[in-house]
Amino acid sequence: MSNKWDMRFLELAKHISGWSKDPSTKVGCVVVGEDREIRSTGFNGFPRGISDDNDRLTDREKKYPLICHAEENAIMHAARIGVSLKGSTAYVTWPPCSRCARSLIQAGIKEVVYSTTEEIPERWLDDFNISTGMLEEANVVVRPI
């Protein structure tokens, strides 16, 4: 896929990240098929029907057990509506964490493209290194741009 299309899908993922109510981190994901068709999207947030009030969103102890990451939401949304993601590319505003790497691998994603424009907190760096290793070991192409 051309760089023009990569940038379009990353810009869309960035736009979708703005839908997250998380006050500290907003992440977006767009999953695209081989014909550049959008198969699913997701942003980080609580599951459907779970109250995302400010008390929960601002307290990491309460937030982390409840939150779905953008990649997870995109995968689960596709499953909910019966869309296969096998062979697709995931465009994400951050590198995937190890939890999301597992899900992306299991969903059959063949490539992960993520933006390098976001400042990544140091607390995530070790996990992102584990994630990148997992993706590469599973023959998922990882392209930071």
Side-chain angles (χ1 to χ4, degrees), residues 1 5-33 36-145:
M1 204 171 294
W5 283 101
D6 287 340
M7 296 315 296
R8 286 176 175 169
F9 291 127
L10 280 176
E11 286 171 17
L12 181 56
K14 176 74 172 166
H15 175 77
I16 290 167
S17 75
W19 300 349
S20 172
K21 293 183 180 179
D22 189 325
S24 65
T25 305
K26 297 181 185 309
V27 180
C29 177
V30 176
V31 183
V32 178
R36 294 194 294 251
E37 77 282 7
I38 295 170
R39 293 194 180 174
S40 192
T41 63
F43 55 91
N44 58 311
F46 292 172
R48 297 169 198 261
I50 303 300
S51 174
D52 53 7
D53 59 55
N54 207 42
D55 178 54
R56 284 179 166 172
L57 286 169
T58 56
D59 182 338
R60 286 198 166 113
E61 294 290 316
K62 293 178 183 175
K63 177 176 69 172
Y64 283 156
L66 300 176
I67 200 135
C68 295
H69 288 186
E71 301 94 322
E72 292 176 312
N73 265 330
I75 292 165
M76 290 183 274
H77 174 70
R80 184 180 175 107
I81 62 172
V83 172
S84 173
L85 301 182
K86 185 176 180 184
S88 295
T89 298
Y91 289 88
V92 195
T93 57
W94 275 39
C97 71
S98 59
R99 187 171 93 186
C100 290
R102 292 191 307 255
S103 297
L104 291 163
I105 292 164
Q106 290 298 86
I109 298 293
K110 69 172 175 79
E111 183 176 33
V112 174
V113 179
Y114 67 85
S115 172
T116 58
T117 61
E118 294 290 321
E119 186 70 31
I120 304 299
E122 194 172 322
R123 69 180 179 271
W124 285 102
L125 294 180
D126 287 343
D127 190 67
F128 288 158
N129 288 332
I130 292 167
S131 168
T132 299
M134 288 173 57
L135 291 164
E136 290 173 351
E137 185 175 339
N139 296 315
V140 175
V141 175
V142 178
R143 283 196 301 128
I145 60 173

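Values reported hereafter were calculated over all heavy atoms of this structure, with side chains retained and with hydrogens, waters and symmetry mates removed. We count residues from 1, following the sequence as given. As the structure is a prediction and not an experimental result, all values here were calculated from the model.
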With a 4.5 Å limit on heavy-atom distance, are the side chains of I109 and T89 in contact?
no
When you check the gap from the basic side-chain N to the acidic O, do R99 and E71 get nearer than 4.0 Å?
no
Between I120 and P95, is there a side-chain heavy-atom distance shorter than 4.5 Å?
yes
Show me the side-chain donor-acceptor pairs of residues 73-84 shorter than 3.5 Å, one per line, residues at least two apart or across chains.
unit_1, atom_1, unit_2, atom_2, d
N73, ND2, F43, O, 2.7
S84, OG, K86, N, 3.2

Heavy-atom side-chain contact between P96 and S131 under 4.5 Å:
yes
Any Lys/Arg nitrogen of E61 or K63 sitting under 4.0 Å from an Asp/Glu carboxylate oxygen of the other?
no
Test side chain to side chain contact (heavy atoms under 4.5 Å, CB included) applied to E11 - qualifying residues, sequence neighbours left out:
M7
Looking only at side chains, do S24 and D22 share a donor and an acceptor under 3.5 Å apart?
yes
Show your reasoning for whether side-chain contact (heavy atoms from CB on, under 4.5 Å) applies to I50 and R56.
CA-CA 10 Å; I50 303 300; R56 284 179 166 172; 3.5 Å; yes
E37, CD atom: more than 12 neighbouring heavy atoms under 6.0 Å:
yes
State, yes or no, whether a side-chain contact exists between L12 and I38 at a heavy-atom distance under 4.5 Å.
yes
Please test S103 against Q106 for side-chain contact (heavy atoms from CB on, under 4.5 Å), starting from the C-alpha separation and ending with a verdict.
CA-CA 5 Å; S103 297; Q106 290 298 86; 5.8 Å; no
Please list, chain by chain and in numerical order, all residues satisfying side chain to side chain donor-acceptor pair (under 3.5 Å) with N54, sequence neighbours excluded.
none
So do the side chains of S115 and V92 get within less than 4.5 Å of each other, counting heavy atoms only?
no
Parallel, tilted or perpendicular: which fits the ring planes of F9 and Y91, with parallel below 30° and perpendicular above 60°?
tilted
